[in-house]
Chemist: 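Structure below; questions to follow.
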Amino acid sequence: MDPTDHRSTSRDEALDPGAVAALRSAVGSGALITDPERSLQWRVDWSGTEAPAGAVVALPGTVREVAEVIACCAAHAVPVTVQGGNTGLVGGSIPDRPGVILSTQRLRSLFDFDRREGAITAESGVTLAELEARLGGSGWRFGVDLASRDRATVGGTIASNAGGTRVFRHGTARDQVAGAQFVDAGGRVIDRLGGLRKDNSGYDLVSLLSGSEGTLGIITAARLRLVADPVGITTALVGFDTVGAAVDGAWTLRRDVASVEVAELVSADCLQLVARESGRSVPVPGEAALLVEARRDPEPFRDVAAAIDCLPGVTGAAVASDPPTRASLWSFRDRISDAVGRLGNLCRFDVSVPGSAVMQTIAGVQALVAGHDDAARLWVFGHVCDHNLHLNATGVGRDRVADLEDEVTAFVIALGGTFSAEHGIGRTRRRHLPSYRSPADIEVMRAVKHAVDPGGLLNPGVIFPG
Ligand SMILES: Cc1cc2nc3c(=O)[nH]c(=O)nc-3n(C[C@H](O)[C@H](O)[C@H](O)COP(=O)(O)OP(=O)(O)OC[C@H]3O[C@@H](n4cnc5c(N)ncnc54)[C@H](O)[C@@H]3O)c2cc1C
């Protein structure tokens, strides 16, 4: 077991009745779920991690109610774990001790859409899919897109500074945020929703919340900067004879075709797995593919298709501009995480390395995985122009997982990379933090946490042991 895992034997202890009564009066009895059977959907995350039965679920419907829940937790020294869509991959949205799970699920409004300049205010529980649906046809879109878009929320995406498939053109979630409203650990509402382009009036607290994983405050709404949504889009799945040719191809497309927004690496194994699961055949031959998306120029597909034709190592391409065929091509990328997850015994690595070390990383991690078990396999995909590889190992015995995690982490750091590119630290990766960030660095982070949450009530055990 993780030596920093502080879960006690009283995991399922019930909350103090006085705290429960105060919470009930804060949100109303219908929005406080104390029955462990009924709360299961909030107590289990995407990876199957389960919170203690003693964790109660609060579903505030307004920022005022969020503030009252937090004030009540502060008064009764009850830990709070904030939860959006519960799709995070590092166990940050699920508490490891009794307390409150504050779900943002009822904070679902979108307002103040500025169609001229491209900005909208979203409450934190709005999902990325709902945001896209609201913006559809307006000429604007949100700059971050994830395969978990149907459940992932605006608040969770900012709190985890999610990346996704469009980072090399638009940046991570942090770059999309022009302002935010949040509730601090004492239950105060801090409103920075103004969204001014320039505002150097002191510390940028909104930026600090991006990537804070629920440990510094509860984001209740955000003013989002939007990016242009081209009218016509071309999606292509391009096969390559080697993984290296696909990686090089992604960089050439990024350089030569200004309208390319997506260049996702998918290994042949991943393509075959998704094809098998969905009863289809693999659309392109080769060792790897790139899922490419670009604005369609007036002459259909000219720029991107011409550029693909010139890439070395191309084995074939499936190109589409109609929404159903584009969605079908996208599914070869979007369904990988789920499909690999269903194989069981999953060990997930979300690494980022210097560009020159991408191929060395794939080969090195492959060798480390094979060294643990002959039957183990490595599934390779990722955001290759961000040097961000998702390397998922399956078939590694449970007793070997911790060793493999340590080895891969050390290997990637030795290459100048990070063990957490976009998923965060949460609970599952915190033991590796000291091998990457210096003691002084961690001390400053802890000082920030202590200054804004002196009681350590917001997501205890996330990022740092607690
Ligand atoms: C199939 C799949 C594909 C994915 N692809 C990507 C990808 O490409 N790139 C990527 O970066 N991630 C990816 N993820 C991870 C995850 O979906 C994203 O990090 C997502 O943005 C999390 O949003 P959420 O609403 O589900 O947050 P949750 O999982 O509910 O929470 C994540 C963290 O944020 C905190 N949090 C949630 N809401 C708030 C709030 N309102 N205020 C403060 N803190 C809050 C939580 O406490 C937790 O620590 C993927 C996950 C899945 C299952």
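Every value quoted in this text rests on a predicted model; they were computed, and no experiment measured them. As the structure lists them, so they are numbered: ligands from 1, and atoms in each ligand from 1.
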Chemist: For atom CZ of R280, decide whether the heavy atoms of other residues, nucleotides or ligands shown that lie under 6.0 angstrom number more than 12.
Modeler: yes

Chemist: Is H390 in contact with ligand 1, taking contact as a heavy-atom separation below 4.0 Å?
Modeler: no

Chemist: With a 6.0 Å cut-off (strictly less than), is the heavy-atom count around CD of E130, excluding the residue itself, greater than 12?
Modeler: yes

Chemist: Which residue and atom name correspond to the protein heavy atom nearest atom 26 (O) of ligand 1, and how close is it?
Modeler: T87 OG1, 2.6 Å

Chemist: Pairs of nitrogen or oxygen atoms closer than 3.5 Å, one from A147 and one from ligand 1: do any exist?
Modeler: no

Chemist: Atom CZ of residue position F111 - does it have more than 12 heavy atoms of other residues, nucleotides or ligands inside 6.0 Å?
Modeler: yes

Chemist: Using distance alone, determine whether L89 and ligand 1 share an N or O pair under 3.5 Å.
Modeler: no

Chemist: So which of S212, G84, A221 gets nearest to atom 30 (O) of ligand 1, if we judge by its closest heavy atom?
Modeler: G84

Chemist: Which bit of S124 is near ligand 1, meaning a heavy atom under 4.0 Å away: side chain, backbone, both or neither?
Modeler: side chain

Chemist: Run the numbers for me: atoms of ligand 1, each under 4.0 Å from some heavy atom of L146, listed by number.
Modeler: 6 (C), 7 (C), 8 (O), 9 (N), 10 (C), 18 (C), 20 (C), 21 (O)

Chemist: I need the atoms of ligand 1 closer than 4.0 Å to a non-hydrogen atom of S337, numbered in the order shown.
Modeler: 1 (C)

Chemist: If you measure every N/O of D334 against every N/O of ligand 1, is any gap under 3.5 Å?
Modeler: no

Chemist: Name all pairs fulfilling the side-chain hydrogen bond (donor to acceptor under 3.5 Å, both in side chains) condition that reach into residues 442-454, sequence neighbours left out, sorted by first residue then second.
Modeler: K449-D453

Chemist: Please check whether G88 reaches ligand 1 - meaning an N/O of the residue sits under 3.5 Å from an N/O of the ligand, judged on distance alone.
Modeler: yes

Chemist: If you count the non-hydrogen atoms of other residues, nucleotides and ligands that lie under 6.0 Å from CZ in R342, is the total more than 12?
Modeler: yes

Chemist: Looking at atom 19 (O) of ligand 1, what's its closest protein heavy atom, distance included?
Modeler: S160 OG, 3.1 Å

Chemist: When you compare ligand 1 with T157, is there at least one nitrogen or oxygen pair between them that comes in under 3.5 angstrom?
Modeler: yes

Chemist: Please list, in number order, the atoms of ligand 1 under 4.0 Å from a heavy atom of T104.
Modeler: 41 (N)

Chemist: When you measure from the centre of the six-membered ring of W379, is the NZ or CZ of R377 under 6.0 Å away and within 45° of the axis?
Modeler: yes

Chemist: For ligand 1, which atoms, with element, lie under 4.0 Å from some heavy atom of H383?
Modeler: 8 (O)

Chemist: Is G426 near ligand 1, meaning one of its heavy atoms is under 4.0 Å from it?
Modeler: no

Chemist: When you measure from atom 39 (C) of ligand 1 to each heavy atom in I94, V82, N459, T215, which option holds the nearest one?
Modeler: V82

Chemist: Checking R192 now: which residues fulfil side chain to side chain donor-acceptor pair (under 3.5 Å) with it, not counting sequence neighbours?
Modeler: D199

Chemist: Tell me which protein heavy atom sits closest to atom 2 (C) of ligand 1, plus the residue, atom name and distance to 0.1 Å.
Modeler: S148 CB, 3.8 Å

Chemist: Could you work out, for atom 32 (C) of ligand 1, the closest of A180, S47, G156 by heavy-atom distance?
Modeler: G156

Chemist: List ligand 1 atoms under 4.0 Å from S93, heavy atoms only on the residue side.
Modeler: 28 (P), 29 (O), 30 (O), 31 (O), 48 (C)

Chemist: Pull out every atom of ligand 1 sitting under 4.0 Å from any heavy atom of Q83, numbered as shown with elements.
Modeler: 30 (O)

Chemist: In the protein, what heavy atom is nearest to atom 34 (O) of ligand 1, and what distance, to one decimal place, separates them?
Modeler: A159 CB, 3.5 Å

Chemist: Could an N or O of ligand 1 be found under 3.5 Å from any N or O of W46, whether backbone or side chain?
Modeler: no

Chemist: Any atoms of ligand 1 less than 4.0 Å from a non-hydrogen atom of I218? List them with their elements.
Modeler: 42 (N)

Chemist: For ligand 1 and I219, I'd like to know whether there is a polar contact (N/O to N/O, distance under 3.5 Å).
Modeler: yes

Chemist: Could you list the atoms of ligand 1 found under 4.0 angstrom from a heavy atom of T153?
Modeler: 23 (O), 24 (P), 25 (O)

